[in-house]
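Worksheet for the structure shown next.
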Amino acid sequence: MPITPDQKDWTWVLSRPCPECSFDASTVTPATVPGSVENMLPRWRAVLRRPEVAERPDEGTWSALEYACHVRDVFTLFDQRLNMMLEAEDARFENWDQDNTAIEKDYGSADPAVVSTELTAEGEQIAESFSRVREEDWGRTGLRGNGSEFTVLTLAQYFLHDVVHHLHDVDG
């Protein structure tokens, strides 16, 4: 059974802590993202070694494997967006249909060992990209297809919430 797409606008996490995962965006800067991502990578690799990694807890919830595939792709997408913001004035991001991507890439049938390697590489890449952000660039802007405007600072906060929240999802 397909997962019901999440239609929520999660940008509210930029203004208040997430009651589900306790993430507080006010504690995040681009300079703190690299260490946070690097500290989560071993936890994601451990998730991908679980015997039941591909099993969905219920029909309406992704498996830990599907969440890990999503996080790998979040690493890639946000690295691209961050670099666009650093290279172009008022960068514009195309909408990303994460649910369609999960279907097209068949997340549920992925090889956990391959996903672990890819997730680690993409996580290390985005950590490196955030480590190169200069403080004077934190205010550079980008616009999502739905009209949500981000600065490099709020992109870092929004991005990190996604990764933290999904780790909470699979550990919960």
Side-chain angles (χ1 to χ4, degrees), residues 9-50 53 62 64-94 96 98 101-102 105 107 110 112-144 148-172:
D9 179 357
W10 284 90
T11 54
W12 61 265
V13 301
L14 298 173
S15 61
R16 63 185 186 276
C18 179
E20 292 177 41
C21 70
S22 302
F23 179 84
D24 182 356
S26 70
T27 67
V28 176
T29 68
T32 63
V33 170
S36 296
V37 170
E38 289 165 358
N39 288 335
M40 281 187 277
L41 293 177
R43 292 176 62 195
W44 276 108
R45 288 191 296 269
V47 165
L48 286 160
R49 288 190 301 268
R50 293 178 186 164
V53 68
W62 275 351
L65 175 60
E66 290 168 304
Y67 275 115
C69 289
H70 171 71
V71 168
R72 173 204 57 207
D73 292 347
V74 164
F75 286 157
T76 303
L77 178 73
F78 277 80
D79 189 55
Q80 292 167 354
R81 289 180 174 182
L82 171 62
N83 286 302
M84 285 174 57
M85 292 173 76
L86 295 173
E87 293 167 7
E89 293 296 320
D90 297 317
R92 299 204 179 265
F93 316 134
E94 292 196 26
W96 180 47
Q98 63 190 19
T101 300
K105 291 188 172 185
Y107 283 179
V114 171
V115 174
S116 181
T117 299
E118 294 169 344
L119 183 144
T120 298
E122 294 301 321
E124 290 171 348
Q125 177 58 55
I126 194 163
E128 182 180 322
S129 293
F130 271 112
S131 74
R132 292 191 312 261
V133 176
R134 300 174 314 206
E135 191 170 351
E136 60 266 23
D137 290 332
W138 291 5
R140 294 182 64 89
T141 59
L143 192 65
R144 204 165 62 178
S148 296
E149 184 178 68
F150 289 91
T151 63
V152 169
L153 173 60
T154 59
L155 183 83
Q157 294 166 335
Y158 184 80
F159 156 74
L160 198 57
H161 171 259
D162 200 348
V163 179
V164 167
H165 194 99
H166 291 317
L167 194 54
H168 169 78
D169 287 335
V170 299
D171 282 345

Considering only heavy atoms from C-beta outward, does the side chain of [X] approach that of [Y] to under 4.5 Å?
X: F75; Y: E124; result: no
X: H161; Y: C21; result: yes
X: F159; Y: V28; result: no
X: L86; Y: V133; result: yes
X: H166; Y: V170; result: no

(message) Please check: side-chain N/O of T154 versus main-chain N/O of F150, any donor-acceptor pairing under 3.5 Å?
(response) no
(request) Using atom types as modelled and distance alone, determine if a side-chain donor or acceptor of S131 lies under 3.5 Å from a backbone N or O of E128. (result) yes
Nearest heavy atoms of [X] and [Y], plus distance in Å:
X: V152; Y: M85; result: N-CE, 3.4 Å
X: R140; Y: A88; result: NH2-O, 3.2 Å
X: A127; Y: P34; result: O-CG, 3.3 Å
X: G142; Y: F93; result: CA-CZ, 3.9 Å
X: R144; Y: Y158; result: NH1-OH, 3.1 Å
X: T29; Y: L153; result: CA-CD1, 3.8 Å

(request) Starting at CG of L14, measure out to CG of L155 and round the result to the nearest 0.5 Å. (result) 9.5 Å
(message) Before you tell me yes or no, could you show the steps for V115 and L65 under side-chain contact (heavy atoms from CB on, under 4.5 Å), namely the whole-Å CA-CA distance, both residues' side-chain angles and the distance that decides it to 0.1 Å?
(response) CA-CA 8 Å; V115 174; L65 175 60; 4.1 Å; yes
(message) Can you confirm whether the side chains of D162 and H165 place a donor and an acceptor under 3.5 Å from each other?
(response) no
(message) Can you confirm whether R50 is buried at CZ, in the sense that more than 12 heavy atoms of other residues, nucleotides or ligands lie under 6.0 Å from that atom?
(response) yes
Would you list the atom pairs, donor with acceptor, under 3.5 Å between side chains in residues 38-48 and any protein atom, with sequence neighbours excluded?
unit_1 : atom_1 : unit_2 : atom_2 : d
N39    : ND2    : G35    : O      : 3.1
R43    : NH2    : D171   : OD2    : 3.0
R45    : NH1    : T120   : OG1    : 3.1

Tell me which donor-acceptor pairs under 3.5 Å the side chains of residues 76-83 have, and how far apart each pair is, sequence neighbours excluded?
unit_1 : atom_1 : unit_2 : atom_2 : d
T76    : OG1    : R72    : O      : 3.3
T76    : OG1    : E122   : OE1    : 2.9
D79    : OD1    : N83    : ND2    : 3.4
D79    : OD1    : S129   : OG     : 2.4
R81    : NH2    : E94    : O      : 2.8
N83    : ND2    : D79    : O      : 2.8

(request) Report the C-alpha separation of L119 and V71 in whole Å, then their side-chain angles, then the decisive distance to 0.1 Å, and conclude whether the side-chain contact (heavy atoms from CB on, under 4.5 Å) test is met. (result) CA-CA 7 Å; L119 183 144; V71 168; 4.1 Å; yes
